[in-house]
Amino acid sequence: MKTVQDYIRTIPDFPHEGIMFRDVTTLFADPRGFRMAIDQLLHPYAGQPIDKVVGLEARGFILGGAIAHQLSLGFVPIRKKGKLPGQTIEQDYTLEYGTATMEVHDDALQAGEKVLLVDDLLATGGTAEAGIKLIERMGAEVIGCAFIIDLPDIGGRKKLEGLGMNVHALCAFEGD
């Protein structure tokens with residue numbers, strides 16, 4: 001029987017030499033693989049009170065939307081700066097070379113709401129940390145962070161767990 005990891009394609013030297021890119025589009029394209037991933041991502045949170053699912057740009061939108069639908073919940077996107085209309089709040093975060101900014105609509109979450117944060121890949125944890133900070137600034141509570149892939153050698157899981165987050169990943173790949 002196939003696992004989620006079996007559906008993920010590895011592309012060497014993308015986006016530059018030395019990187020082993022873990023491509024989840026092959027997982028998304030397969031109906032059984034995609035269903036398996038969504039079911040496994042939401043399984044640990046079944047029965048927990050969740051008010052909204054938040055997805056991080058861009059593949060987190062695909063996963064988060066499917067999970068929100070499955071749980072009959074609302075979905076909130078956290079996007080790169082300048083992509084959302086209306087009033088937003090921003091959070092800067094560090095990249096390997098420089099910084100970037102994520103945004104969320106300032107009325108997307110209410111104080112006290114319980115949120116599941118979703119993305120495809122956990123590497124350094126910088127994007128997820130920015131998302132967590134945005135959610136918490138709005139007064140909502142992150143009850144868990146769910147990812148398809150963890151790259152444990154890069155340290156994102158440790159970073160998020162150090163922030164007190166419950167981290168769930170479906171598979172891990174060694175190295176980068």
Side-chain angles (χ1 to χ4, degrees), residues 8-25 27-28 37 41 52-68 74-111 113 115-176:
I8 298 168
R9 166 174 59 187
T10 298
I11 301 173
D13 299 321
F14 183 83
H16 54 78
E17 190 173 335
I19 300 294
M20 299 296 283
F21 186 81
R22 309 307 178 173
D23 181 16
V24 295
T25 63
L27 170 70
F28 295 167
L41 282 170
K52 299 259 175 64
V53 177
V54 172
L56 299 173
E57 187 164 335
R59 290 172 293 275
F61 297 171
I62 296 164
L63 298 166
I67 291 169
F75 172 77
V76 175
I78 291 183
R79 300 211 59 189
K80 294 175 184 169
K81 184 175 179 157
K83 301 289 185 180
L84 290 171
Q87 297 286 64
T88 61
I89 61 170
E90 330 181 323
Q91 181 67 48
D92 293 334
Y93 65 102
T94 304
L95 300 169
E96 187 175 354
Y97 301 105
T99 61
T101 304
M102 300 295 280
E103 293 182 319
V104 66
H105 281 125
D106 66 0
D107 60 355
L109 298 169
Q110 304 303 313
E113 285 188 313
V115 173
L116 176 61
L117 181 73
V118 180
D119 203 1
D120 68 320
L121 178 82
L122 177 57
T124 67
T127 306
E129 181 182 21
I132 290 163
K133 287 180 178 178
L134 284 169
I135 292 164
E136 290 178 343
R137 283 174 51 200
M138 298 177 83
E141 176 189 352
V142 179
I143 59 102
C145 301
F147 304 91
I148 292 176
I149 301 168
D150 180 18
L151 301 178
D153 296 341
I154 299 179
R157 177 185 283 270
K158 288 180 185 173
K159 177 186 275 188
L160 298 185
E161 288 174 344
L163 297 172
M165 294 295 120
N166 172 311
V167 177
H168 172 59
L170 302 187
C171 63
F173 286 92
E174 300 304 316
D176 57 3

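Computed over heavy atoms, backbone and side chain alike; hydrogens, waters and symmetry mates excluded. We count residues from 1, following the sequence as given.
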### Query
Taking the side chain as C-beta and beyond, is there a heavy-atom pair between Asp23 and Phe14 under 4.5 Å?
no

### Query
In Å and rounded to the nearest 0.5 Å, what is the NE2 to CD distance from His105 to Gln87?
9.0 Å

### Task
Could you grab the distance from atom CZ of Arg79 to atom CZ of Phe61, nearest 0.5 Å is fine?
4.5 Å

### Task
Could you tell me which residues satisfy salt bridge (charged side-chain N to carboxylate O under 4.0 Å, His left out) with Glu129, sequence neighbours excluded, listed by chain and number?
Lys133, Lys159

### Query
Going from CD on Glu57 to OG1 on Thr127, what distance comes out if it is rounded to the nearest 0.5 angstrom?
10.0 Å

### Donor-acceptor pair, side chain of Glu174 and main chain of Asp153, under 3.5 angstrom
no

### Expected output: side-chain Lys52 to main-chain Ala108 donor-acceptor under 3.5 Å
yes

### Task
Return the set of residues passing salt bridge (charged side-chain N to carboxylate O under 4.0 Å, His left out) with Asp119 (not counting sequence neighbours), or none when no residue passes.
none

#### Entry: Heavy-atom pair with the smallest gap, counting every atom of Ala140 and Val115
CB-CG2, 4.0 Å

### Verdict with reasoning, Asp106 to Thr88, per side-chain hydrogen bond (donor to acceptor under 3.5 Å, both in side chains)
CA-CA 5 Å; Asp106 66 0; Thr88 61; over 6 Å; no

### Message
So which atom in Glu90 and which in Leu134 form the shortest heavy-atom distance, rounded to 0.1 Å?
### Response
C-CD2, 3.6 Å

### Task
Report yes if some heavy atom in the side chain of Leu151 is under 4.5 Å from a heavy atom in the side chain of Leu121; otherwise report no.
yes

### Message
If I compare all heavy atoms of Val104 with all of Pro77, which pair ends up nearest, and what's the gap?
### Response
CG2-O, 3.8 Å

### Task
Please name the pair of heavy atoms, one in Phe75 and one in Val54, separated by the smallest distance, quoted to 0.1 Å.
CE1-C, 4.2 Å

### Task
Using atom types as modelled and distance alone, determine if a side-chain donor or acceptor of Asp120 lies under 3.5 Å from a backbone N or O of Gly60.
no

### Heavy-atom pair of closest approach, residues Leu27 and Ala37
CD2-CB, 3.9 Å

#### Entry: Rounded distance (nearest 0.5 Å) linking atom CZ of Arg22 with atom CZ of Arg9
13.0 Å

### Message
Restricting to non-hydrogen atoms, name the atom on Glu113 and the atom on Leu109 that form the minimum distance, rounded to 0.1 Å.
### Response
OE1-CA, 3.3 Å

### Task
Could you grab the distance from atom CD1 of Ile148 to atom CG of Leu41, nearest 0.5 Å is fine?
5.5 Å

### Task
Report yes or no: does Arg157 contribute a side-chain atom to a donor-acceptor pair with the main-chain N or O of Val167 at less than 3.5 Å?
yes

### Task
Quick one: pull up OG1 in Thr124 and CG in Leu160 and give me the separation to the nearest 0.5 Å.
9.0 Å

